[in-house]
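Shown next, in structure tokens, is the structure this report addresses.
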Amino acid sequence: MRTQVGIVGAGPAGLMLSHLLHLSGIESVVLEAHTRQYVEERVRAGVLEQGTVDLLVETGVGARLKRQGLLHNGIKLSFGGKRHRIDFQDLTPGRTITVYAQQEVIKDLIQARLDAGGEIHFEVSDVRLDGLDTAAPAIHFRNSRGEQKIACDFLAGCDGTYGVSRDSIPARELEVFERAYPFAWLGILAEAPPASEEPIYSHHERGFALFSMRSPQITRLYLQCAPDEDLAQWPDARIWDELCTRHAATDGWKPAVGPILQKSVIGMRSMVAEPMQFGRLFLAGDAAHVVPPTGAKGMNLAIADVRVLARALAEFYASGRKDLLDQYSATCLRRVWKVQRFSWWMTSMLHRFDTENGFDHRRQLAELDYVTGSRAASMSLAENYVGLPMEGLLAL
Ligand code: FAD
Ligand code: DHB
């Protein structure tokens with residue numbers, strides 16, 4: 001087999017890259033370890049920045065998103081028993097976020113690729129990358145017909161945190177920057193109508209809680225918990241009690257209760273691997289960087305990376321210019337580090353740390369008071385939340 005760009009991973013990064021390349025007349029093949037059903041049902045992120053929504057709509061995969069996505073003009077922050085609104089419309093101005101589940105984006109992209117005759121191989125195993133620093137890189141893998149090889153011009157490692165692409169780069173060529181957090185999130189999907197139109201981030205003595213949603217019938221909730229939290233200790237009644245306690249404020253608001261459809265523990269980590277390129281292999285999305293979920297940046301960053309990569313590859317195939325490909329890593333990293341900073345900051349401001357003392361606790365409350373009380377500070381939160389501009393792209 002032969003293709004122009006071999007893509008490992010059918011997550012948001014890999015599928016969006018394949019879609020954008022197709023629109024520029026560039027062939028690609030996507031390899032995915034799981035089944036189509038698995039990737040289309042995997043519950044993960046759900047908040048899309050304005051730039052992500054615009055890209056999906058402009059490239060023809062936004063019809064369902066426009067019909068079913070829930071537009072939000074702000075978020076609420078709760079602390080010290082009071083709730084405060086950050087108004088994106090007013091502060092950004094006119095920019096918003098849209099709640100639309102990651103697995104719905106995946107379904108739309110898979111359908112678009114298959115309708116356009118795109119090649120996605122599900123349930124592949126033993127993926128191995130080869131010839132990365134030569135002009136003839138290749139991907140080896142196994143499927144139901146046996147050992148396969150795809151000769152490529154370029155490879156895109158879009159295989160998430162635990163994929164094979166990043167590890168295919170010699171360790172001496174990569175510098176990995178990491179931060180671990182001493183807590184995780186208990187993620188809950190419930191069949192209950194969202195009782196608030198906008199996400200609510202609550203700082204509480206018992207730990208952080210987040211209220212979000214997926215549709216007019218489905219609520220998405222998170223509770224700060226231990227990294228090794230035992231789900232068996234969280235019967236549904238305890239989950240609702242804890243959510244009501246942590247979200248309590250003087251306005252008396254409570255989440256609507258309903259059957260819990262799914263619970264899982266989501267790890268929290270910050271990681272950046274530099275550079276995001278080695279020879280003809282380009283890393284994108286979680287394969288190159290991971291953010292803690294506070295602020296909902298993971299999927300948006302993955303899409304931003306492949307936007308830069310698709311543009312650079314299109315330029316290469318159109319004119320032979322290699323400079324945009326050479327600048328890929330630097331272009332992405334400039335924005336990646338700003339988003340890392342924001343995700344780390346939101347996480348640090350809202351969670352309880354087991355190492356914190358009275359000083360740290362009061363400083364956190366002062367920070368929340370400042371963020372909600374100062375227009376300049378609210379604006380900084382808002383412009384990061386709706387998505388920083390794609391500066392790198394403007395320079396291309
Ligand atoms: P992924 O979506 O991880 O896609 C990578 C794909 O590569 C996967 O389909 C994987 O099966 C495939 N793959 C891996 N290895 C191989 C291999 N060797 N061969 C072939 N295919 C391979 N963000 C939020 O904002 N809110 C959340 O609640 C939230 N929950 C999350 C829960 C989990 C468990 C995880 C991992 C992430 C979550 N995120 C969340 C973050 C967000 O979902 C990710 O940032 C986003 O999925 C990144 O997209 P990606 O395409 O880079 O990687
Ligand atoms: C969601 C996830 C987040 O990390 C966040 O900050 C807000 C909302 C969500 O999954 O809906």
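All figures in this text were calculated on a predicted structure; none of them were measured in a lab.
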Worksheet entry | Side-chain donor or acceptor of Q327 paired with backbone N/O of S329 under 3.5 Å | no
Worksheet item: With a 3.5 Å cut-off and no angle check, do the side chains of S18 and S28 form a donor-acceptor pair?
Response: yes
Discussion item. Between D286 and R44, does any NZ, NE, NH1 or NH2 come within less than 4.0 Å of an OD or OE carboxylate oxygen?
Written reply: no
Worksheet entry | Basic-acidic side-chain contact under 4.0 Å: R335, E49 | yes
Fill in: T347 vs M349 side-chain heavy atoms within contact, under 4.5 Å
no
Discussion item. Could you check whether any side-chain heavy atom of D115 comes within less than 4.5 Å of a side-chain heavy atom of Q111, counting everything from C-beta outward?
Written reply: yes
Item to complete: Measure the CG-NE2 distance between L243 and H204 for me, rounded to the nearest 0.5 Å.
Response: 11.5 Å
Item to complete: Would you check if the side chain of H72 reaches a backbone N or O of G74 as a donor-acceptor pair within less than 3.5 Å?
Response: no
Practice prompt. Check whether the side chains of D126 and H140 place a donor and an acceptor atom closer than 3.5 Å, and report yes or no.
Written response: no
Worksheet entry | Main-chain N/O of E205 paired with R352 side-chain donor or acceptor, under 3.5 Å | yes
Discussion item. Could you check whether any side-chain N or O of S374 sits under 3.5 Å from a backbone N or O of A377, counting only pairs where one atom can act as donor and the other as acceptor?
Written reply: yes
Practice prompt. Walk me through it: do E198 and R85 pass the test salt bridge (charged side-chain N to carboxylate O under 4.0 Å, His left out)?
Written response: CA-CA 9 Å; E198 294 176 341; R85 182 157 186 267; 2.7 Å; yes
Item to complete: Give a yes or no on whether the backbone of A287 and the side-chain of R166 come within a donor-acceptor separation of less than 3.5 Å.
Response: yes
Worksheet item: Cation-pi between K297 and Y385: NZ/CZ under 6.0 Å from ring centre and within 45° of the ring axis?
Response: yes
Practice prompt. Could you tell me whether the side chains of W185 and E229 share a donor-acceptor contact shorter than 3.5 Å?
Written response: no
Worksheet item: Does a donor on one side chain and an acceptor on the other come within less than 3.5 Å for R246 and S202?
Response: no
Item to complete: Taking atom types as modelled, find out whether D305 and H289 have a side-chain donor-acceptor pair closer than 3.5 angstrom.
Response: yes
Worksheet item: In terms of ring plane angle, is the pair F79 and H84 parallel, tilted or perpendicular, where the classes change at 30° and 60°?
Response: parallel
Fill in: Residue from R42, R64, K66 passing salt bridge (Lys or Arg N to Asp or Glu O under 4.0 Å) with E104
R64
Item to complete: Give a yes-or-no answer on whether the side chains of Q37 and E41 include a donor-acceptor pair shorter than 3.5 Å.
Response: yes
Worksheet item: If you measure only the distance, is there a donor-acceptor pair under 3.5 Å linking the side chains of N143 and Q148?
Response: yes
Practice prompt. Give a yes or no on whether the backbone of F122 and the side-chain of E32 come within a donor-acceptor separation of less than 3.5 Å.
Written response: no
Worksheet item: Got a donor-acceptor contact below 3.5 angstrom from the K263 side chain to the W234 backbone?
Response: yes
Fill in: Test item: L313 and L324 side chains (from C-beta on) under 4.5 Å apart, heavy atoms
no
Discussion item. Between Y222 and R220, is there a side-chain donor-acceptor contact under 3.5 Å, judged purely by atom types and distance?
Written reply: yes
Discussion item. Please evaluate residues R83 and S78 with respect to the criterion side chain to side chain donor-acceptor pair (under 3.5 Å), reporting the C-alpha separation (whole Å), side-chain torsions for both, the decisive distance (0.1 Å), and the verdict.
Written reply: CA-CA 4 Å; R83 238 179 285 286; S78 298; 2.8 Å; yes
Worksheet, complete the sentence: Between S196 and M213 the two heavy atoms that sit nearest each other are O-CE, 3.5 Å
Worksheet item: Between the side chains of D167 and Y162, is a donor N or O closer than 3.5 angstrom to an acceptor N or O?
Response: no
Discussion item. Strictly below 4.0 Å, N to O, side chains only: are R321 and E315 in salt-bridge contact?
Written reply: yes
Worksheet item: With under 30° as parallel and over 60° as perpendicular, where do the rings of F342 and W345 fit, or are they tilted in between?
Response: tilted
Discussion item. Can you see whether Y181 engages S270 through a side-chain donor-acceptor pair at a distance of less than 3.5 angstrom?
Written reply: yes
Practice prompt. Give me the ring orientation class for Y317 and F154: parallel if the planes are under 30° apart, tilted from 30 to 60°, perpendicular past 60°.
Written response: perpendicular
Discussion item. Can you tell me how the ring of W253 sits relative to the ring of H247, calling it parallel under 30°, perpendicular over 60° and tilted otherwise?
Written reply: perpendicular
Discussion item. Please report the interatomic distance CD1(I266) to SG(C225), rounded to the nearest 0.5 Å.
Written reply: 8.5 Å
Worksheet entry | Salt bridge E242-R238, side-chain N to carboxylate O under 4.0 Å | no
Discussion item. Taking the side chain as everything from C-beta on, heavy atoms only, tell me whether L77 gets closer than 4.5 Å to L381.
Written reply: yes
Fill in: Lys/Arg N to Asp/Glu carboxylate O, R362 vs D369, below 4.0 Å
no
Practice prompt. Without swapping roles, check the side chain of E383 against the backbone of F88 for a donor-acceptor pair under 3.5 Å.
Written response: no
Discussion item. Assess, by modelled atom type and distance only, whether the side chains of T96 and N73 contain a donor and an acceptor separated by less than 3.5 Å.
Written reply: no
Worksheet item: Do N300 side-chain atoms and V47 backbone N/O form a donor-acceptor pair below 3.5 Å?
Response: yes
Worksheet item: Does a side chain donor of either H19 or T59 reach within less than 3.5 Å of an acceptor in the other side chain?
Response: yes
Worksheet item: Cut-off 3.5 Å, side chains only: do Q364 and D360 have a donor facing an acceptor?
Response: no
